[in-house]
Amino acid sequence: MAKRYWLMKSEPDVYSIDDLEGDGRTLWDGVRNYSARNNMRAMEVGDLVLYYHSRQDPPGVAGIARVCSAAYPDPTQFDRKSKYFDEKSTEAEPRWWLVDIEFVEKFESGVGLPDIKARPELADMVLVRQSRLSVQAVTEAEFRTVREMAAGH
DNA sequence: GCCAACGTTGGC
DNA sequence: GCCAACGTTGGC
């Protein structure tokens with residue numbers, strides 16, 4: 001399977017690219033949206049991820065991460081003390097899946113959403129068309145464009 | 001902090 | 001299976 005590209009959102013107050021850099025890798029727990037889950041289940045080790053900071057001014061892509069595990073059940077769905085606990089999920093048939101991601105790169109200056117929206121070749125990004133989905137697929141061309149924008153092109 | 005857009009739930 | 005009500009996300 002050819003390498004694929006993704007975009008994952010995080011509120012920097014909760015878990016920023018700096019947190020990821022400090023930790024090296026993390027499990028992307030707490031996703032409770034079926035589209036986002038399905039995207040994570042489609043991920044493979046080595047896929048690259050645009051790491052997006054939402055709810056900051058301006059929001060935008062802060063850097064790059066890499067998928068470093070296959071999808072596996074989100075442990076927080078079985079944890080009664082977790083706010084992500086889901087009583088309808090069972091170990092035999094887990095509802096929620098996640099992957100681990102690892103830090104790759106932090107952009108010197110992030111690529112802001114207004115700049116992304118201003119690029120005609122990025123007009124079809126899920127980010128632009130359906131802003132709420134927290135784990136999105138990105139095309140290789142879109143990924144490359146964002147990376148070039150971060151490099152100042 | 002507001003509120004539009006979207007996803008989910010549940011009554012019928 | 002429809003759709004109103006509700007909760008959440010996330011740009012502004």
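Only heavy atoms go into these numbers, but all of them, side chains included; no hydrogens, no water, no symmetry mates. Convention: sequence-line order gives letters A, B, ...; per-chain numbering from 1. Predicted model, so just to flag it, every value in this text is computed and none were measured.
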Less than 4.0 angstrom between a side-chain N/O of A:Y52 and OP1 or OP2 of C:dG11, yes or no?
yes
Are A:L127 and A:K9 side-chain neighbours, meaning at least one heavy-atom pair lies under 4.5 Å?
yes
A:T145 side chain to A:E121 side chain, donor-acceptor N/O pair below 3.5 angstrom
no
CD of A:E11 versus P of C:dC12: gap in Å, rounded?
15 Å
Rounded to the nearest angstrom, tell me the gap between atom CG in A:D86 and atom C1' in B:dT9.
13 Å
Contact class for A:N33 vs. all strands (heavy atom < 4.0 Å): base, sugar-phosphate, or nothing?
sugar-phosphate
Taking CG from A:D13 and P from B:dG1, how many angstroms apart are they, rounded to a whole number?
13 Å
Comparing A:S35 with A:K88, nearest DNA chain B nucleotide closer to 5' gives the residue A:S35
Nearest heavy-atom contact between A:V138 and A:W6 is CG2-C, 3.7 Å
A:R132 CZ to C:dG7 P, in whole Å, measures 14 Å
Calculate the interatomic distance between A:R95 atom CZ and B:dG7 atom P; express it in whole Å.
17 Å
A:W96-A:Y34 aromatic ring centre distance below 6.0 Å:
yes
Verify the contact: side-chain N or O of A:K117 to OP1 or OP2 of C:dC12, cut-off strictly under 4.0 Å; return yes or no.
yes
Whole angstrom value for the distance that separates C1' of C:dT9 from NE2 of A:H53:
17 Å
Which part of the nucleic acid does A:Q130 contact within heavy-atom distance under 4.0 Å: base, sugar-phosphate only, or nothing?
sugar-phosphate
For A:Y34 and C:dG7, what is the distance between atoms OH and P respectively, to the nearest whole Å?
18 Å
Could you state the NZ-C1' distance from A:K9 to B:dC6, rounded to the nearest angstrom?
11 Å
